[in-house]
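Here's the structure, in structure tokens; my notes come after.
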Amino acid sequence: MHRDDLVDVLNALIETCKDGTLGFRVCSEDASDLQLRTFFANRAQGCTAAAAELEELVRMQGAQPASGGGWG
């Protein structure tokens with residue numbers, strides 16, 4: 001795989017993670033059950049952490065990480 005292709009795939013995954021963060025946050029805010037709120041908040045944090053790891057991989061390739069998700 002060429003570097004540009006790798007960066008494109010990583011950036012697509014970053015966008016997916018950022019979309020997941022947003023989606024899980026919305027679910028957490030809208031859930032009335034405390035257990036569900038906590039579950040969704042934890043999933044949002046996991047997506048945020050995954051995006052940060054992927055962003056570092058993109059930087060290691062000498063490229064700029066994606067700045068947003070697909071929802072924006």
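Note: hydrogens, waters and symmetry copies are ignored here, and every other heavy atom, side chains too, is used.
Linking Ile, Leu, Val, Met, Phe, Trp and Tyr whenever their side-chain heavy atoms come within less than 4.5 Å puts Val9 and Val7 in one cluster. A single hydrophobic cluster is not seen to contain both Leu36 and Leu34; linkage of ILVMFWY side chains at heavy-atom distances under 4.5 Å, directly or through other members, places them apart.
Taken to the nearest 0.5 Å, the OG atom of Ser28 stands 8.0 Å off from the CZ atom of Phe40. To the nearest 0.5 Å, atom CG of residue Asp8 and atom CZ of residue Arg3 are 9.5 Å apart.
For Lys18 (side chain) and Leu13 (main-chain N/O), no donor-acceptor pair under 3.5 Å exists by modelled atom type. With hydrogens and angles disregarded, no donor-acceptor distance shorter than 3.5 Å links the side chain of Arg43 to the backbone of Phe24. Side-chain atoms of Arg37 come within 3.5 Å of backbone N or O of Glu29 as a donor-acceptor pair. Here the side chain of Thr21 pairs a donor or acceptor atom with the backbone of Thr48 at under 3.5 angstrom. Remark: side-chain polar atoms of Arg59 are not paired, donor with acceptor, to backbone N or O of Gln64 under 3.5 angstrom.
Nearest heavy atom pair, residue Cys17 against residue Ala51, reads CB-CB, 3.8 Å.
A side-chain contact (heavy atoms from CB on, under 4.5 Å) with Glu55 is found for exactly one of Leu10, Asn11, Ile14, namely Ile14.
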